Number of protein chains: 2
Amino acid sequence: MSPTPQPLTAERILETTEEVLRRHGPAKATVVDVARALGVSHGSVYRHFRTKAALREAVTKRWLDRTTLLLADIVAEPGTDPAARLRAWLTALFAAKRRKAFDDPELFATYTVLTTETAETVVGEHIAELTGQLTEIVRAGVAAGAFAAEDPATAAGAVFRATDRFHDPHYAGEWEKPGAESDFRAVVDLLLRGLRARD
Amino acid sequence: MSPTPQPLTAERILETTEEVLRRHGPAKATVVDVARALGVSHGSVYRHFRTKAALREAVTKRWLDRTTLLLADIVAEPGTDPAARLRAWLTALFAAKRRKAFDDPELFATYTVLTTETAETVVGEHIAELTGQLTEIVRAGVAAGAFAAEDPATAAGAVFRATDRFHDPHYAGEWEKPGAESDFRAVVDLLLRGLRARD
DNA sequence: CAGATGACAGATTTCAATATCTGTCATCTG
DNA sequence: CAGATGACAGATATTGAAATCTGTCATCTG
């Protein structure tokens, strides 16, 4: 769009790459497109990112990190009832994903492809961060005597995996169906019952 | 293989279609291939199945029904402890899927494509049958005073969805990883804890 | 006449030629 | 001389013509 006289930074490249991905989709967005949009040669892009895959990874990480940050607020919330906090966290995650999928389906499809490409690396770390947050919530719940769990990390992992259907993009098609909301509640209810400490 | 002089039945067509799918894969298996393998014209195949999609659906249903039947035995088991029976059912489902995926990865990939094609119809019914079995186990558990659940069907649905990761072919890649077994146990433990009746 | 056939139209797939892209690097420029 | 360039080789994607497939149906055959 603009010839942009500003210095070429990794940050500007990432912004432009997002834009190009939004416009062209994951299959047709090329490094040459990104360079063209920035008004530079594609060789310059390779000065900041070693490969096209690395560039895509960086964009994907940015996108995932936005969600991680959003949820961190809930973990940090002080003195809430552990069960309520765990439910709030899971609900916020589901809501965030559902909103992304619903508001801009094409962009969501683009990121679904990107995350599939980096399942083992970037997405793996993202999931580790999320289960880390969950572990923190469970740990606090155990400390408060509200939850019973031998190992908070194991329990958190189980909770995360048991709710895959409500955050894995693979199931996005199910998220706007009539029963989705009550299905979610039923799973969360069952999991919270399983965590709750016996008197 | 053989020119087969026997009468052309839907059953024989299904058997041959399985064979052709096994050989050629889902992308390249054509109705013409099936007809050729049977030594008939493809018009004759269309006398038994209205479309190629209908033929594929029928094959897929056969395949899924084999698993349904396997699990029905566990539901029918008399007088077992409800928790043990539920665990056995979930374990058998996971084991059956994992075996299929591991023993013949190409065939499993073929059926993964087929089930994706018929997600709304055949697979939907298959899932309904499985959750029906689960509901029966939960209902019996509630009757025996071992489980607490307002609505057994809802609880069964929640258990099924919470274990998606261990039966949805989408996750097949995870099933042979080191942690899979203990991840499975952690989720099932948590779910059983959630179902268990309080004294 | 129940059931099989194969020619056919329109849709889909294959294939090979062509164009574009990725990643490198010798060269240029401020 | 730090940073940008663009020519280049090999890999990948696009394209359009030809081949194959799907689904129908008038016709044939036991």
Side-chain angles (χ1 to χ4, degrees), chain A residues 1-60 106 109-110 113-114 116-118 121-122, chain B residues 1-60 106 109-110 113-114 116-118 121-122:
Chain A
M1 202 119 290
S2 45
T4 59
Q6 303 148 39
L8 186 61
T9 62
E11 183 61 22
R12 282 191 60 229
I13 293 174
L14 288 176
E15 281 164 19
T16 304
T17 304
E18 278 194 352
E19 186 58 27
V20 169
L21 279 164
R22 185 188 303 274
R23 284 223 172 88
H24 298 13
K28 292 204 263 186
T30 71
V31 176
V32 170
D33 288 331
V34 173
R36 219 187 335 257
L38 282 161
V40 300
S41 77
H42 75 278
S44 299
V45 173
Y46 279 98
R47 175 163 299 282
H48 294 267
F49 296 92
R50 277 216 310 286
T51 65
K52 182 189 185 184
L55 176 55
R56 287 181 162 225
E57 273 185 24
V59 170
T60 307
E106 287 198 21
T110 292
V113 171
L114 290 185
T116 309
E117 285 172 0
T118 63
T121 58
V122 176
Chain B
M1 205 116 293
S2 45
T4 59
Q6 305 147 38
L8 187 61
T9 62
E11 183 60 21
R12 282 191 60 229
I13 293 173
L14 288 176
E15 282 165 17
T16 305
T17 305
E18 279 195 351
E19 186 57 26
V20 169
L21 279 165
R22 186 188 299 274
R23 281 224 175 85
H24 297 14
K28 291 204 263 185
T30 72
V31 176
V32 170
D33 287 333
V34 174
R36 217 185 340 253
L38 283 162
V40 300
S41 77
H42 73 279
S44 299
V45 173
Y46 279 98
R47 176 164 298 283
H48 294 267
F49 296 93
R50 276 215 310 287
T51 64
K52 182 189 183 182
L55 175 56
R56 285 180 164 229
E57 274 185 24
V59 170
T60 307
E106 287 198 21
T110 292
V113 171
L114 290 184
T116 309
E117 286 172 0
T118 63
T121 58
V122 176

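To find a chain, count down the sequence lines: A is the first, B the second, and so on, and within it residues start at 1. This structure is a prediction, so every number in the text was calculated from the model and none was measured. Just so you know, these numbers use all the heavy atoms, side chains as well, and skip hydrogens, waters and symmetry mates.
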Given protein heavy atoms under 4.0 Å, the one-letter contact record of nucleotides 6-26 of chain C, with B base, S sugar-phosphate only and - none, is simply BB-------------SBBB--
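Each of A:T51, A:T118, A:L114 was scored for a side-chain contact (heavy atoms from CB on, under 4.5 Å) with A:R56, with one residue passing: A:L114.
Taking atom CG of B:L8 as the reference point, atom P of C:dT5 lies 8 Å away to the nearest angstrom. Rounded to whole angstrom, the span from the CD1 atom of A:I13 across to the C1' atom of D:dA4 amounts to 12 Å. Atom CZ of A:R12 is separated from atom P of D:dA4 by 10 Å (rounded to the nearest Å).
One finds the OG1 atom of B:T30 at 9.5 Å from the NE2 atom of B:H42 (value rounded to the nearest 0.5 Å). Here the straight-line distance linking atom OG1 of A:T60 with atom CD of A:E117 works out to 7.0 Å at 0.5 Å rounding. The distance from the CD1 atom of A:I13 to the OG1 atom of A:T16 is 8.0 Å, given to the nearest 0.5 Å. Annotation: the span from A:L21 atom CG to A:T110 atom OG1 amounts to 6.5 Å, rounded to 0.5 Å.
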Here DNA chain D, pairs taken as Watson-Crick or G-U under 3.5 Å and shown with ( ), [ ] when crossing and | when to another strand, reads ||||||||||||||||||||||||||||||
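The shortest heavy-atom contact between A:H24 and A:D33 is CD2-OD2, 3.3 Å.
For A:E57, the side chain to side chain donor-acceptor pair (under 3.5 Å) test picks out no residue, with sequence neighbours left out.
For the pair A:E19 and A:E15, the minimum side-chain heavy-atom distance is 4.5 Å or more.
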